[in-house]
Amino acid sequence: MRKTLLITGASAGIGAATARMAAARGYNLALNYRSDHAGAEAVAEAARTAGAQVILCPGDVAEPDQITNIFAAVDAAFPRLDALVNNAGIVDMTAKVTDLTHARLRRMFDVNVIGAILVAREAVLRMQAHGHGGAIVNVSSAAARLGSANQYVDYAASKAAIDTFTKGLGDEVAAQNIRVNAIRPGLIETDIHGKGGEPDRAQRLAHMVPMKRTGSAEEVAEAILYLLSDAASYITSTTLDVTGGR
Ligand code: NAP
């Protein structure tokens, strides 16, 4: 029987690569995104071709009402939710801490932290209700331990919150066979860098990576799929770096 996986931020980048790989490895999919309908449709089409049942559940994870709608769509389409990839996330323009505005900080933490926690809460409630356990992978960042000075310390701090949340939630639900882990990607080739005003950021900083190259969304997806799988059955409440050594 195919397990059901909800991926937030599945219209592009790491979320999209994870969706394609998950479909090929036997999951049915609920694909969340905020605005890129065409991107989400393309991912859904590829996943259906791989044999998955797929629904699109658009919504801004920073809006609690929209999270309610996302999970209503999941509940209506699938008998149960087995897994979550809590991936939706944003950066912002390069700025020093002295230039950060209240509005920017609110948006950063509403999407990257509060949204992720509320999405995880809804997933856990469903996994507890059906009693078959589950697996959650939160997408953090190497920024959580690097700090991202002179670039986006607010983003780094939001991801550090995800690391701590992963440990705390993982410990809370471990006895119910719900595993909660995080991955910390490094410099990965996706459009997120352009959204932060620096499309060539990953390439520009690649020389700082011990492996001397950027990573691909597929290389991150491999780590996510591993942590979701039964091969990781004794792994919970921890973080895995996918950084080429950085
Ligand atoms: P991306 O290519 O920009 O994709 C981001 C995805 O998140 C898109 O599907 C986007 O949907 C969605 N999204 C953004 N805000 C959302 C919101 N408020 N509600 C719902 N969906 C939202 O980024 P990515 O590089 O794949 O990043 C994915 C995750 O990896 C993020 O959490 C990011 O912080 C983390 N990460 C990335 C890197 C890297 O180098 N790329 C490194 C470390 C960590 P729409 O376009 O439809 O809005």
Side-chain angles (χ1 to χ4, degrees), residues 6-20 29-44 56-67 69-71 84-92 106-120 137-146 148 151-152 154-163 165-166 182-206 208-209 213-221 223-224 239-244 246:
L6 167 63
I7 305 174
T8 64
S11 61
I14 292 167
T18 302
R20 289 193 177 93
L29 296 173
L31 304 179
N32 160 260
Y33 60 101
R34 187 180 59 84
S35 59
D36 181 6
H37 184 71
E41 273 293 357
V43 174
L56 298 184
C57 40
D60 185 337
V61 299
E63 298 292 337
D65 291 351
Q66 296 186 34
I67 293 177
N69 294 340
I70 293 164
F71 279 89
L84 165 68
V85 177
N86 217 349
N87 166 75
I90 55 168
V91 294
D92 207 322
R106 282 305 302 256
R107 182 70 190 161
M108 188 72 74
F109 279 77
D110 278 350
V111 174
N112 289 3
V113 182
I114 297 176
I117 291 175
L118 291 178
V119 167
V137 174
N138 296 319
V139 180
S140 173
S141 170
R145 53 178 174 69
L146 296 173
S148 301
Q151 184 149 42
Y152 30 55
D154 51 347
Y155 170 78
S158 77
K159 292 301 188 178
I162 290 300
D163 286 359
F165 173 64
T166 298
I183 52 147
R184 286 193 292 228
L187 293 167
I188 310 301
E189 297 280 1
T190 74
D191 292 343
I192 201 170
H193 310 292
K195 293 171 188 172
E198 244 199 305
D200 65 344
R201 175 176 175 270
Q203 286 297 340
R204 184 172 59 76
L205 299 178
M208 299 169 73
V209 178
R213 67 169 178 87
T214 58
S216 69
E218 288 70 24
E219 288 176 304
V220 181
I224 293 172
T239 57
L240 174 63
D241 287 0
V242 188
T243 61
R246 188 164 178 239

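Remember, it's 1-based here, ligands and their atoms both numbered in the order they're listed.
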Visitor: List below, pair by pair, the N or O atoms of ligand 1 and of the protein that are less than 3.5 Å apart, including the distance to 0.1 Å; reply 'none' if no pair qualifies.
Guide:
{"from": "ligand 1", "atom 1": "3 (O)", "to": "Lys195", "atom 2": "NZ", "distance (Å)": "2.6"}
{"from": "ligand 1", "atom 1": "9 (O)", "to": "Gly9", "atom 2": "O", "distance (Å)": "3.2"}
{"from": "ligand 1", "atom 1": "9 (O)", "to": "Ser11", "atom 2": "N", "distance (Å)": "3.2"}
{"from": "ligand 1", "atom 1": "9 (O)", "to": "Ser11", "atom 2": "OG", "distance (Å)": "2.7"}
{"from": "ligand 1", "atom 1": "11 (O)", "to": "Ser11", "atom 2": "OG", "distance (Å)": "3.2"}
{"from": "ligand 1", "atom 1": "18 (N)", "to": "Asp60", "atom 2": "OD1", "distance (Å)": "2.8"}
{"from": "ligand 1", "atom 1": "19 (N)", "to": "Val61", "atom 2": "N", "distance (Å)": "3.0"}
{"from": "ligand 1", "atom 1": "25 (O)", "to": "Thr190", "atom 2": "OG1", "distance (Å)": "2.5"}
{"from": "ligand 1", "atom 1": "26 (O)", "to": "Ile14", "atom 2": "N", "distance (Å)": "2.8"}
{"from": "ligand 1", "atom 1": "32 (O)", "to": "Asn87", "atom 2": "O", "distance (Å)": "2.8"}
{"from": "ligand 1", "atom 1": "32 (O)", "to": "Lys159", "atom 2": "NZ", "distance (Å)": "2.8"}
{"from": "ligand 1", "atom 1": "34 (O)", "to": "Tyr155", "atom 2": "OH", "distance (Å)": "2.6"}
{"from": "ligand 1", "atom 1": "34 (O)", "to": "Lys159", "atom 2": "NZ", "distance (Å)": "3.2"}
{"from": "ligand 1", "atom 1": "40 (O)", "to": "Gly186", "atom 2": "O", "distance (Å)": "3.2"}
{"from": "ligand 1", "atom 1": "40 (O)", "to": "Ile188", "atom 2": "N", "distance (Å)": "3.0"}
{"from": "ligand 1", "atom 1": "40 (O)", "to": "Ile188", "atom 2": "O", "distance (Å)": "3.3"}
{"from": "ligand 1", "atom 1": "40 (O)", "to": "His193", "atom 2": "NE2", "distance (Å)": "3.2"}
{"from": "ligand 1", "atom 1": "41 (N)", "to": "Ile188", "atom 2": "O", "distance (Å)": "3.4"}
{"from": "ligand 1", "atom 1": "41 (N)", "to": "Thr190", "atom 2": "OG1", "distance (Å)": "3.1"}
{"from": "ligand 1", "atom 1": "47 (O)", "to": "Ser11", "atom 2": "OG", "distance (Å)": "3.2"}
{"from": "ligand 1", "atom 1": "47 (O)", "to": "Arg34", "atom 2": "N", "distance (Å)": "3.2"}
{"from": "ligand 1", "atom 1": "47 (O)", "to": "Ser35", "atom 2": "N", "distance (Å)": "2.7"}
{"from": "ligand 1", "atom 1": "47 (O)", "to": "Asp36", "atom 2": "N", "distance (Å)": "2.6"}
{"from": "ligand 1", "atom 1": "48 (O)", "to": "Ser35", "atom 2": "N", "distance (Å)": "3.4"}
{"from": "ligand 1", "atom 1": "48 (O)", "to": "Ser35", "atom 2": "OG", "distance (Å)": "3.1"}

Visitor: Using the side-chain contact (heavy atoms from CB on, under 4.5 Å) definition, which of the options Lys159, Arg246, Gln151, Arg184 pairs with Leu146?
Guide: Arg246
Visitor: If every non-hydrogen atom of Leu56 is compared with every non-hydrogen atom of His37, which pair is closest and at what distance?
Guide: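 Distance-wise, the nearest heavy atoms are CD1-CE1, 3.8 Å.
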Visitor: Any carboxylate oxygen within less than 4.0 angstrom of a Lys/Arg side-chain nitrogen, looking at Asp92 and Arg107?
Guide: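 No, no charged N to carboxylate O under 4.0 Å.
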Visitor: Apply side-chain hydrogen bond (donor to acceptor under 3.5 Å, both in side chains) to the pair Thr166 and Asn138, showing each step before the final yes or no.
Guide: CA-CA 7 Å; Thr166 298; Asn138 296 319; 3.0 Å; yes
Visitor: Go through the structure and list residues passing ring-ring contact (aromatic ring centres under 6.0 Å, His included) with Tyr155, not counting sequence neighbours.
Guide: Tyr152
Visitor: Is it true that atom CZ of Arg204 has more than 12 heavy atoms of other residues, nucleotides or ligands lying nearer than 6.0 Å?
Guide: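 Yes - once you tally the heavy atoms of other residues, nucleotides and ligands closer than 6.0 Å, there are more than 12.
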